[in-house]
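Step one of this worksheet: look at the structure below.
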Amino acid sequence: MKRTASVALSGLGVPESLRWHRGALWFSDLAHGTVHRWDGTGEPETVLKVPGRAGGLGWLPDGRLLVVSMDGGCVYRLEADGGLVEHADLRHIAGGPVNDMLVDPEGCAYVGNFGFDYHAHVRAHPNSMLYAPPGPPRAPVACLAPDGSLLGLTEPLLFPNGTLLSPDGRSVIVAESLAMRLTAFSRNPDGSLTDPRPWAPLIPPLLWRLVNHPGTAGRITRRISAVLDHPAVSRRSSSPIAPDGIAWDADGTSIWVANALRGECVRVAPGGRVVERVATSQHTLSCLMAGADGRTLFAATAPTDDPVRAAELNGGRVELVRM
């Protein structure tokens, strides 16, 4: 039986980038540009407001917070005295809003970006029409040294999003939201990423070929997919899975995926086999297995990921289920 998460926090814009740090849950609100800390009681504390909208979060080894400015095209660093300074400039790299970020134990940061103005496109067209040839623009993951300097770029990906470091520290797994797959990279001693390879496809191969087909089969598939994108239909579907945030399960081998297409978190094994599903109340944008003993699954959900509409609705939630 599929478990169902319960609502822990509500009244948010677009909660994202769930992190567990020093005994508390941290997250960004993409609609309001703020960073929050919640100790599990009462209302969350607003830690800071970030110019250009807060995105991905992480911490340097000395405890200083790094936070993405989505529209500012940079990563900020929160100093011990409360000052916010630019840590890394990504304006020459990002083709769209800067997005999620992983900061590893050494202080290297891995930062993705949309690659284009995704929300402008989907306000005017069904999401499936992105795959009409030549398809959506691609974007690399920027690999940053602890001082913010650029170590290198990965090869371009289809909307690089949530990112994880493998338990042995030798690989980094990236959620490609628009490719509907998880891709692994080898992590070099200097922190750069090379050797991309599949970790888990999250769409049937035939459907992937059809939705990208340049001919009549592709046009028909994209039109059908546009109809199936309707919330009343998509919430009853189990495929495909568009990965947004991702998190290791307590077993250290399978990964929880926040499915941006519908209200669920999905646990997948290497190769893409679905192991477990947890229902949430809305589209799910981030997930995290954490808590005092690491056995609580947190999920960030929203009625829409469009920041303009979400700021008006304030329907974002943080949900949880004890695993």
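All values reported here derive from a predicted model rather than from experimental measurement.
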Subject >> Distance-only side-chain donor-acceptor flag, Thr216 / Arg219, under 3.5 Å >> reply: yes
Review point. Below 4.5 Å, heavy atoms only, C-beta onward: do Arg262 and Gln282 meet side chain to side chain?
Key: no
Can you get from Leu153 to Leu90 by hopping between Ile, Leu, Val, Met, Phe, Trp and Tyr side chains that sit under 4.5 Å apart? yes
Rounded to the nearest 0.5 angstrom, the CG-CG distance for Leu182 and Leu164 is 8.5 Å
In short, Pro160 meets Val141 closest at the heavy-atom pair CB-CG2, 3.7 Å
* Report yes if some heavy atom in the side chain of Tyr76 is under 4.5 Å from a heavy atom in the side chain of His87; otherwise report no. => no
Nearest heavy-atom contact between Ser281 and Arg317 is OG-NH1, 2.8 Å
When every non-hydrogen atom of Val67 is compared with those of Ala54, the smallest separation belongs to CG2-CB, 4.0 Å
Practice task
Would you please test Ile173 and Trp248 for side-chain contact (heavy atoms from CB on, under 4.5 Å) and show each step?
Solution key: CA-CA 10 Å; Ile173 296 93; Trp248 288 111; 3.8 Å; yes
Note: Ala139 and Gly115 closest approach over all heavy atoms is CB-CA, 3.7 Å
Test your reading of the model: is there a side-chain donor-acceptor pair from Asp104 to the backbone of Gly107, 3.5 Å cut-off?
yes
Q: Assess whether side-chain contact (heavy atoms from CB on, under 4.5 Å) is satisfied between His213 and Ile220, documenting all intermediate values.
A: CA-CA 10 Å; His213 195 280; Ile220 293 172; over 6 Å; no
- Taking the side chain from Thr301 and the backbone from His283, do they hold a donor-acceptor pair closer than 3.5 Å? no
- Query: Does Glu106 use its side chain to pair, donor to acceptor, with the backbone of Gly191 at less than 3.5 Å?
  - Reply: no
Under 3.5 Å side-chain donor-acceptor pair for Ser171 and Arg197: yes
- Could you check whether the rings of His121 and His125 sit parallel, tilted or perpendicular, using 30° and 60° as the cut-offs? tilted
### Query
Does the side-chain contact (heavy atoms from CB on, under 4.5 Å) test come out yes or no for Phe159 and Phe114, once each step is laid out?
CA-CA 5 Å; Phe159 206 120; Phe114 287 19; 3.3 Å; yes
When rounded to the nearest 0.5 Å, the distance separating CZ of Arg77 from CD of Glu86 is 10.0 Å
- Could you tell me whether a side-chain N or O of Ser286 sits under 3.5 Å from a main-chain N or O of Leu18, the two making a donor and an acceptor? yes
Tightest non-hydrogen contact, residues Gly162 and Asp100, listed as CA-OD2, 3.6 Å
- prompt: So, Glu319 and Thr280: side-chain donor and acceptor under 3.5 Å apart, yes or no?
  reply: no
Test your reading of the model: is there a side-chain donor-acceptor pair from Thr163 to the backbone of Asn161, 3.5 Å cut-off? yes
Exactly one of Ile93, Leu193, Leu157 clears side-chain contact (heavy atoms from CB on, under 4.5 Å) with Pro140, and that residue is Ile93
From the list Asp244, Asp29, Asp305, side-chain contact (heavy atoms from CB on, under 4.5 Å) with Glu16 holds only for Asp244
(Q) Between Glu276 and Arg3 (salt bridge meaning N to carboxylate O under 4.0 Å), is one present in this structure? (A) yes
May I ask you to check whether Ser28 and Arg53 show a side-chain donor-acceptor distance below 3.5 Å?
no
May I ask you to decide if Glu264's main-chain N or O and Thr284's side chain share a donor-acceptor pair within less than 3.5 Å? yes
Using modelled atom types only, decide if a donor and an acceptor are shared between the side chain of Arg181 and the backbone of Glu176 within a distance under 3.5 Å.
no
* **Side-chain ion pair, Asp147 and Arg64, N-O less than 4.0 Å** => no
Got a salt bridge between Arg295 and Asp293, using NZ or NE/NH1/NH2 to carboxylate O under 4.0 Å? no
Heavy-atom closest pair (Pro240 atom, Leu261 atom, distance to 0.1 Å) is O-CD1, 3.5 Å
Side-chain heavy atoms of Asp251 within contact of Arg267, under 4.5 Å: yes
Classify the ring geometry of Phe27 against His36: parallel below 30°, tilted from 30° to 60°, perpendicular beyond 60°. parallel
query: Between Met180 and Leu130, is there a shared hydrophobic cluster once you connect ILVMFWY residues whose side-chain heavy atoms come closer than 4.5 Å?
result: yes
I'd like to know whether Trp256 forms a side-chain contact (heavy atoms from CB on, under 4.5 Å) with Val266, so could you lay out the CA-CA distance, the side-chain angles of the two residues, the decisive distance to 0.1 Å, and finally the verdict.
CA-CA 5 Å; Trp256 283 99; Val266 184; 5.8 Å; no
Distance col, row Met289:CE vs Met323:CE, nearest 0.5 angstrom, shows 5.0 Å
Requested in this report: Check whether Val278 and Leu320 end up in the same hydrophobic cluster, where Ile, Leu, Val, Met, Phe, Trp and Tyr are linked by side-chain heavy atoms less than 4.5 Å apart.
Outcome: no
query: Are Val111 and Leu57 connected in a single hydrophobic cluster, I mean Ile/Leu/Val/Met/Phe/Trp/Tyr linked by side-chain heavy atoms less than 4.5 Å apart?
result: no
> Side chain of Ser192, backbone of Asn188: donor and acceptor closer than 3.5 Å?
Replying inline: no
Value for NE2 (His119) from CG (Asp306), rounded to nearest 0.5 Å, stands at 5.5 Å
Under a 3.5 Å distance rule, please check whether Asn113 uses its side chain to pair with a backbone N or O of Gly95 as donor and acceptor.
yes
- Message: Side-chain heavy atoms nearer than 4.5 Å, only ILVMFWY residues, links allowed to pass through others: does that put Val68 and Val50 together?
- Response: no
Is the distance between the ring centroids of Tyr131 and Trp208 under 6.0 Å? yes
* Asked: Should the ring pair His21 and Trp59 be called parallel, tilted or perpendicular, given that the plane angle runs from 0 to 90° and is split at 30 and 60?
  -> parallel
Donor-acceptor pair, distance only, cut-off 3.5 Å: does the side chain of Ser69 make one with the backbone of Pro51?
yes
* Considering only NZ, NE, NH1 and NH2 on the basic side and carboxylate oxygens on the acidic side, decide whether Arg123 and Asp117 come within less than 4.0 Å. => no
Here the gap from Met101 atom CE to Leu66 atom CG, rounded to the nearest 0.5 Å, amounts to 5.0 Å
Rounding to 0.5 Å, atoms OG1 (Thr154) and OH (Tyr110) come to a distance of 11.0 Å
For this session: Verify the neighbour count for atom CZ of Arg91: are there more than 12 heavy atoms of other residues, nucleotides or ligands below 6.0 Å?
Result: yes
